[in-house]
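Taking it in order: structure first as structure tokens, then the write-up.
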Amino acid sequence: MIVTLPDGSRKEAKAGEHWRDFIVREIGQGLAKSALAVKINDAMKDVSSPVEEGSLVVVTASSPDGLDIIRHSASHIMADAVTQLFPGTKVTIGPAIENGFYYDFDSDHRFTAEDLERIEAKMAEIIKAKQPFARAELSADEAKRRFAELGETYKVEIIQDLGAPVVSLYTHGHFTDLCRGPHLPDTGFVKAHKILSVAGAYWRGDSKNKMLQRIYGTAFADKKSLDDHLHLLEEARERDHRKLGPELDLFTMTEDIGMGLALWTPKGGVIRTVIENFWRREHYRHGYEIVYTPHIGRSRLWETSGHLGFYKGNMYSPMDIDGEDYYVKPMNCPFHIEVYRRRKWSYREFPIRWAELGTVYRYELSGVLNGLKRVRGFTQDDAHIFCRLDQLHDEIARVIDFSLFILRAYDFEQFKVYLSTRPAKDFVGDVAVWDKAEAALDSALKASGLPYQINPGDGAFYGPKIDIAVADAIGREWQLSTIQVDFNLPERFDLTYVGSDNAEHRPIMIHRALMGSLERFFGVLIEHYKGAFPVWLSPVQVAVVPVSEKHLDIAEKLENRLKTHNIRVLVDRRNEKTGYKVREWVVAKTPYIIVVGDKESSLDTVSVRLRSGEQVDMTLAAFEEQLDRENRGGAYF
RNA sequence: GCUAGCGUAGCUCAAUUGGCAGAGCCACCGAUUUGUAAUCGGUAGGUUGCGGGUUCGAGUCCCAUCGCUAGCUCCA
């Protein structure tokens with residue numbers, strides 16, 4: 001029996017022996033010890049499973065596959081611990097997930113924070129005992145009988161639904177679970193684990209089913225990786241825009257206004273003003289025109305657009321105006337289309353690019369609302385491009401470039417791009433047009449030089465789309481830009497243009513948003529910058545702290561001088577000690593704090609305190625030059 | 001929407017088994033004239049989210065409601 005290793009070497013395996021023995025003999029003791037599982041012909045198997053012919057990859061903790069196995073095994077260990085500590089608990093499913101694992105339990109007992117600690121400790125015992133994971137295969141009927149005897153009704157249901165004649169069970173210690181595997185050689189391979197939280201989850205994710213208790217945990221190959229991960233969680237907590245936003249007085253939400261509706265405070269307003277001005281300036285520069293449209297429209301509009309058919313669940317009830325139903329807009333597109341429909345268009349005028357910071361309202365389930373990241377009222381940095389099919393490639397390429405330009409301005413450096421293609425069924429438009437559009441998106445992406453991933457069948461029913469996600473300062477991914485081709489609305493609204501052949505043709509529409517929504521983008525920015533906005537975005541760029549009342553004159557002189565540079569500068573006139581005032585501006589994450597006293601009477605040099613806490617004396621001229629640069633010339637305020 | 005947890009002054013938090021709602025910061029007033037992360041003293045601030053109920057007595061227990069937080073298939 002021939003086994004091919006990743007380096008291409010071919011080894012002889014003895015029929016009947018287990019992978020562990022093979023690895024010890026043919027590869028080495030070291031790898032045998034760190035082997036968590038094997039991947040034979042791309043199928044994951046236990047190290048204790050019999051050898052097979054094919055190409056072998058030994059899975060260790062350093063691979064994502066290995067980490068998944070550690071976590072999956074950890075979820076079994078957790079289920080073991082929970083059933084030991086809380087007899088009568090029914091187990092359901094417990095997969096490895098992106099940053100850990102979970103297991104869903106059905107129990108009359110409500111798991112508390114203290115319970116989680118006990119579970120974690122019990123798991124440590126099981127891990128210390130190095131109990132081997134043993135695989136057994138048996139008939140589905142036999143397995144059903146065994147789980148039924150144990151009262152594990154969910155397992156019986158799962159086996160039923162699987163419909164497979166034979167299923168596999170994994171046992172460690174006295175705990176047996178239905179599982180596809182593979183698993184670690186023994187429980188001791190879980191080197192670091194942590195139980196994180198508990199929350200409700202419906203059986204099979206269906207709200208009609210019973211609510212189970214889902215316990216989340218994570219596991220790693222070593223203590224340091226776990227600690228790093230916990231630090232990341234802590235870091236995320238510190239950056240949380242829901243904490244920083246009100247703390248830095250950037251935005252607020254009130255019970256009286258309603259959930260999911262944000263208020264931008266004056267300081268947040270400064271940031272938004274800069275973001276919007278930058279956006280407007282760059283849109284004009286990039287060949288867009290800006291339009292403004294109202295917040296409501298007659299039901300007839302939304303019938304034509306199809307929103308009342310397929311989007312009604314996200315729209316608010318209509319209001320009656322003179323006996324007519326009007327709807328608050330959940331999207332801007334029908335309005336831009338009406339702008340288009342006001343007259344005839346020639347192919348010579350294409351492409352047409354219309355942008356709007358359009359405020360929309362969408363019903364979202366109360367439970368999914370989340371700070372600024374998921375709200376019910378928000379402003380999209382929306383635009384619609386009307387073009388011909390042959391212009392699609394260039395237009396998409398331009399939008400991608402533009403998107404990256406905008407996002408890079410906010411210090412996002414890493415991007416992930418997703419191309420979603422035609423759904424298998426339930427789509428509008430010709431397949432041939434879809435194919436051409438997808439080819440255009442694909443080649444535009446290739447031209448951008450960005451790596452991208454194709455999500456087959458994930459496109460909207462009306463056209464393929466490109467989504468761009470950024471990685472923030474701590475590596476979390478946020479999908480911001482979306483570029484969607486639309487074959488549907490031009491059809492529904494019977495949009496036309498006159499071609500060179502003097503005949504009428506159907507334009508293609510592109511919907512796109514670069515930041516997504518200003519609210520969500522702001523939330524992401526707060527976390528990305530940890531509230532320490534770069535100078536051009538900072539609400540207060542320079543705080544001038546006079547040492548005493550005697551120095552108010554010189555402070556105001558400095559203030560006026562900086563104002564001529566369009567700098568947002570404030571003099572702290574309060575009757576407090578210097579240290580007190582400095583502290584407050586530091587806490588507010590002000591980029592520059594300048595203390596002025598007797599030493600600065602001439603203002604030739606100023607004493608500048610940087611965010612780092614470093615204090616530098618520099619000439620006023622040099623400081624102004626630096627500010628101008630960092631403030632992008634004050635062009636956006 | 002559903003499940004669980006949580007709502008005390010603008011903020012951060014106290015308040016024994018049900019037994020007089022309190023502190024610091026912030027704000028305001030006064031003193032102080034200050035040199036790079038908190039000067040001192042005083043004053044004000046509350047129908048304990050809102051509404052019911054149990055009780056001699058409710059921040060505490062019960063019901064309802066509003067809001068916040070976590071989660072609600074990444075399928076054995």
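None of these values were measured; they are calculated from a predicted model. Side chains included, hydrogens not; waters and symmetry mates left out as well; all remaining heavy atoms used.
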Tell me whether the side-chain N/O atoms of A:Tyr202 come closer than 4.0 Å to OP1 or OP2 in B:A4. no
Kindly say whether A:Tyr154 contributes a backbone atom to a donor-acceptor pair with the side chain of A:Thr92 at under 3.5 angstrom? no
Can the ring centroids of A:Phe105 and A:Phe86 be said to lie less than 6.0 angstrom from one another? no
Expressed in angstrom and rounded to an integer, what is the separation of A:Met44 atom CE from B:A76 atom C1'? 15 Å
side-chain N/O A:Thr578 vs B:U36 OP1/OP2, d < 4.0 Å: no
Would you state whether a donor and an acceptor, one from the side chain of A:Tyr363 and one from the base of B:G1, lie under 3.5 Å apart? no
Taking any heavy-atom pair under 4.0 Å as a contact, classify A:Asp104: base, sugar-phosphate, or nothing. nothing
Respond yes when some side-chain nitrogen or oxygen of A:Arg242 is under 4.0 Å from OP1 or OP2 of B:A70, and no when none is. yes
Which part of the nucleic acid does A:Phe111 contact within heavy-atom distance under 4.0 Å: base, sugar-phosphate only, or nothing? nothing
Assess whether one donor atom and one acceptor atom, taken from the side chain of A:Gln213 and the base of B:G71, lie less than 3.5 Å apart. no
Grab the CG-P distance between A:Leu116 and B:G71 for me, whole Å please. 14 Å
Can a side chain N or O of A:Arg583 be found less than 4.0 Å away from OP1 or OP2 on B:U36? no
Please state how far atom CG in A:Leu365 lies from atom P in B:G67, giving the value in whole angstrom units. 13 Å
Scan A:Lys155 against the nucleic acid and name what it touches under 4.0 Å (heavy atoms): base, sugar-phosphate only, or nothing. sugar-phosphate
Which residue is it: A:Lys144, A:Arg145, A:Arg146? I am looking for the one with a side chain to side chain donor-acceptor pair (under 3.5 Å) to A:Glu142. A:Arg145
Could you check whether A:Ile93 gets within reach of a base, just the sugar-phosphate, or nothing at all, counting any heavy atom under 4.0 Å? sugar-phosphate
Looking at A:Asn370, I'd like to know whether one of its side-chain N or O atoms comes within less than 4.0 Å of OP1 or OP2 on B:A70. yes
Check every strand shown and say whether A:Gly579 touches a base, only sugar-phosphate, or nothing at a heavy-atom separation below 4.0 Å. sugar-phosphate
Closest to the 5' end of RNA chain B, once A:Val587 and A:Tyr580 are matched to their nearest nucleotides, is A:Tyr580
Within 45° of the ring axis of A:Phe220 and under 6.0 Å from its six-membered ring centre, is that where the NZ or CZ of A:Arg71 lies? yes
Which label fits A:His109 and A:Phe111: parallel for a plane angle under 30°, tilted from 30 to 60°, or perpendicular past 60°? perpendicular
Does A:Arg180 have a side-chain nitrogen or oxygen under 4.0 Å from the phosphate oxygens OP1 or OP2 of B:A76? yes
State whether A:Tyr103 places a side-chain N or O below 4.0 Å from either non-bridging phosphate oxygen (OP1 or OP2) of B:U73. no
So what does A:Arg110 hit on the nucleic acid, given a heavy-atom distance under 4.0 Å: a base, only sugar-phosphate, or nothing? sugar-phosphate
